[in-house]
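Worth saying up front: this structure is predicted, and the values here are computed from it rather than measured. Keep in mind that the numbers below use all heavy atoms, side chains included, and drop hydrogens, waters and symmetry copies.
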Amino acid sequence: MSPNPTTTSATSRPAARTLRYGGDEAFAPFESLDAQGRPVGFHVELLRAVGHELGAEIEIALQPWAATVEAFRAGRVDLIAMVDTTNRRAFASFLKGHASPLHAVYLRADAVAPHALQDLQRVRLAVLDTEPMRESMARWLSGISESALRVPDARSALLAVQRGEADMALLPSAYGDPLLPQMTGLVVGPTRFGLQTYAFAVQPGNEALRAELQETLDRLEANGTLPALRARWLDTDPHAAERQAIARDLDDQRRWTWVLGAGGTVLLAGAAFVLHRRGLAVARERQRRREAEDALQRVQELLDHTFHRNPDPMLVVDHASGLVRDANEAVSDLLGVSLDTITGHPLRALGHHLGIEALKRMARAIDIQGHIDGLPVTLTRADGAQRACLVSAQRLQLAGETVVLCMVRDVSERLAQDAVFRLGYEQLQADAQQAEPVTVPPVDGGSPADDRLREFTRAVAHDLRAPLLAIQGFVGLLRERLHLGHTQEALEYSEQVEKATRRMNAMIEALCSLAQIDQRAPVREPIDMHALAQDTWRIVRAADPKRTVDMRIDPLPAARGDPDLAAQVWQNLLHNAWKYSAYNEAARVRVDSFAEDGCTWYRITDNGAGFDMAQARGLFQPFRRMHPKSQFEGSGIGLSMVQRIVRHHGGDVRLRSQPGVGTVAEFTLGPQAR
């Protein structure tokens with residue numbers, strides 16, 4: 001920290017308390033020091049408004065950014081504003097984003113300026129080597145994120161363009177614009193890009209202050225104060241750049257119109273009409289492009305929220321190297337360590353928490369079977385406390401790389417409260433100690449408590465796999481279409497990603513509730529079964545969009561029940577129809593309904609592989625499979641989950657099948673579905 005940082009008070013009237021804000025002394029127009037060394041800018045005025053709302057005095061200290069971050073991490077600053085990134089969440093608790101620092105493209109005067117992000121895919125780009133920029137590049141410009149020229153500061157980026165080492169530089173306008181007059185032969189492009197989101201952050205654990213500040217910002221947003229400050233200082237009207245680009249096109253059109261006017265009235269009218277249509281088409285395309293880029297940003301934020309805000313600890317581990325690629329906050333809370341000591345480090349570094357032998361057995365199980373289902377482990381926290389947990393893991397192919405998604409469920413409290421659950425857990429421990437490597441022990445002869453525990457502790461990894469793969473598939477397609485300029489298709493894919501992500505979040509909550517099913521009162525809400533079946537089918541087929549299946553869903557009557565649990569029934573049964581018809585070139589799936597004994601039955605029919613009904617005695621038992629795993633993937637838990645859910649609703653499920661002909665699955669949620 002600088003020895004004498006410049007400070008000022010955001011409000012001059014006496015206050016009951018003081019909040020300390022730290023900022024960047026050279027990041028105009030957000031915050032900077034004027035000629036007299038006084039803080040000025042968007043954040044300074046915003047903090048005055050916040051202080052007035054809270055009845056508090058806010059001391060503002062602006063200094064070099066690195067010193068501000070160090071002061072915040074050391075606890076000498078209560079409040080800071082910065083781009084929300086994965087690593088920063090380890091030492092800061094962020095509010096919602098309140099503004100976007102604009103980025104500009106700097107290039108030689110004789111070069112063609114880009115008008116959209118896709119134009120940057122074909123150039124050598126110089127960017128800052130910072131964490132926010134790395135995440136922004138991976139999100140918006142994944143095609144060139146690895147090949148970009150990374151430099152330590154804005155001056156180096158502009159010099160690289162001047163010397164011909166890069167074609168263009170993508171920099172925050174706050175850094176690039178002040179340097180531009182010093183760079184002979186360089187100009188700034190006409191379009192500004194909002195690639196990042198600025199957010200206030202407080203010290204981790206200070207949730208009371210975070211909530212109070214968020215409520216204050218929400219009030220300032222609602223009463224127009226915050227939008228007015230953005231308009232005054234940032235000019236961040238999201239349509240401004242588009243309007244400027246369209247205005248330039250219209251100016252070009254007017255100039256051409258005068259030239260063509262010499263050719264005659266008829267030619268003038270025709271040319272004006274063509275140019276007018278072209279202008280409208282350009283405006284529409286830019287609008288769609290902007291909407292698609294906004295949608296991709298929303299999707300990324302939704303995915304981040306799904307993973308990082310999940311209540312269950314989750315890790316993503318690189319299968320080849322064993323490095324932990326990502327982990328959510330719940331992992332940090334469970335282990336009692338910071339995320340910095342987990343992400344980017346080998347999984348074996350957690351050996352003192354789980355035990356080296358346990359990690360080795362888990363690694364062998366992933367290598368052999370590709371998954372771990374409900375493995376009981378005793379985890380030791382950093383403070384020495386021990387927690388009883390269940391670990392599920394799945395090997396996945398994501399974006400061409402092999403990773404392992406691990407999920408941990410802390411069941412310590414459940415074991416203390418539920419004797420039946422505890423009996424099943426102890427049986428699982430005994431089975432795991434006898435099995436080498438760690439695999440799913442056979443269920444034959446298991447106790448009812450053992451079967452019950454197996455069924456629910458493995459359900460998370462099984463049921464979340466389909467929407468997770470759907471999300472990854474749709475995100476890949478979205479980025480591809482956006483790169484090619486197919487904005488309308490990109491918007492459609494963004495909607496599918498949002499639906500799949502919300503479905504996964506709903507499933508997480510529903511599965512947590514399902515673990516307490518015996519103590520839970522049945523939910524009876526109206527369910528649009530036709531829409532639910534259609535949405536589920538779109539998610540299921542996203543695993544292989546190129547595959548053709550003749551699918552027909554007849555109009556389905558509504559039902560009453562738990563919508564999230566009903567969604568899992570549809571997902572399991574439709575996924576089975578999709579999976580087991582994979583080897584039929586003329587695959588066909590039909591969904592319809594019928595009434596029987598006062599109940600509405602929903603029916604899924606496929607012409608897939610089928611199975612021998614004589615071998616179906618254990619059809620609904622967990623991990624009983626009708627086909628070899630080498631032929632059809634799966635863990636054998638889906639139908640047991642379906643049966644558990646429909647019986648919870650007072651309904652039933654039944655299957656009829658014949659090898660080589662296909663399968664008919666029928667379920668009802670009971671008389672309440674009439």
Side-chain angles (χ1 to χ4, degrees), residues 462-463 465-467 469-470 473 496 500 503 529-557 559 565-596 599-646 651-669:
H462 172 270
D463 274 10
R465 185 172 182 269
L469 291 178
Q496 298 303 325
R503 168 72 64 81
M529 296 294 265
H530 187 77
L532 192 56
Q534 288 180 317
D535 289 344
T536 303
W537 179 251
R538 280 193 288 268
I539 291 175
V540 167
R541 71 181 303 272
D544 186 2
K546 296 181 180 179
R547 183 181 155 201
T548 301
V549 175
D550 180 9
M551 175 57 161
R552 188 184 73 200
I553 301 178
D554 290 351
L556 301 176
L565 294 182
Q568 291 178 68
V569 173
W570 282 111
Q571 177 176 299
N572 278 290
L573 296 181
L574 287 175
H575 183 264
N576 282 350
W578 164 269
K579 177 171 65 175
Y580 293 121
S581 61
Y583 297 116
N584 191 332
E585 294 183 359
R588 185 175 64 254
V589 178
R590 295 289 182 266
V591 177
D592 61 358
S593 63
F594 61 93
E596 181 181 291
C599 298
T600 298
W601 287 80
Y602 302 92
R603 176 167 52 201
I604 300 95
T605 305
D606 67 71
N607 62 345
F611 56 86
D612 186 354
M613 291 295 291
Q615 306 297 322
R617 182 172 52 185
L619 184 63
F620 293 103
Q621 292 184 15
F623 314 111
R624 283 297 184 90
R625 299 173 50 84
M626 298 295 107
H627 305 87
K629 191 165 185 178
S630 58
Q631 185 179 9
F632 295 104
E633 65 172 13
S635 61
I637 183 121
L639 288 179
S640 64
M641 287 294 299
V642 168
Q643 185 185 61
R644 183 73 177 180
I645 291 170
V646 297
D652 204 357
V653 58
R654 58 199 184 197
L655 274 75
R656 304 189 304 278
S657 189
Q658 184 175 339
V661 176
T663 301
V664 177
E666 300 167 343
F667 73 93
T668 177
L669 298 185

(message) So Glu585 and Thr548, do their side chains get closer than 4.5 Å, heavy atoms only?
(response)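 SC-SC contact between Thr548 and Glu585 ruled out.
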Output yes when a side-chain donor or acceptor of [X] lies under 3.5 Å from a complementary backbone atom of [Y], and no otherwise.
X	Y	result
Thr536	Trp570	no
Asp652	Gln643	no
Thr668	Thr600	yes
His530	Pro557	no

(request) Could you point out which residue of Leu532, Leu669, Ile645 forms a side-chain contact (heavy atoms from CB on, under 4.5 Å) with Val569? (result) Ile645
(message) Which residue is it: Leu655, Leu573, Leu565? I am looking for the one with a side-chain contact (heavy atoms from CB on, under 4.5 Å) to Val642.
(response) Leu573
(request) Please list, chain by chain and in numerical order, all residues satisfying side-chain contact (heavy atoms from CB on, under 4.5 Å) with Arg603, sequence neighbours excluded. (result)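 Asp592, Phe594, Thr605, Val664, Glu666.
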Using every non-hydrogen atom in the two residues, find where [X] and [Y] come nearest and quote the distance to one decimal.
X	Y	result
Ala586	Asn607	O-ND2, 3.0 Å
Pro555	Ser593	O-OG, 4.2 Å
Met529	Leu556	O-CD1, 3.8 Å

Can you tell me how far [atom2] of [Y] sits from [atom1] of [X], rounded to the nearest 0.5 angstrom?
X	Y	atom1	atom2	result
Arg547	Trp578	CZ	CH2	4.5 Å
Trp537	His575	CH2	NE2	10.0 Å
Leu574	Ile604	CG	CD1	5.5 Å

(message) Under 4.0 Å between a side-chain nitrogen and a carboxylate oxygen: does that hold for Arg590 and Asp606?
(response) no
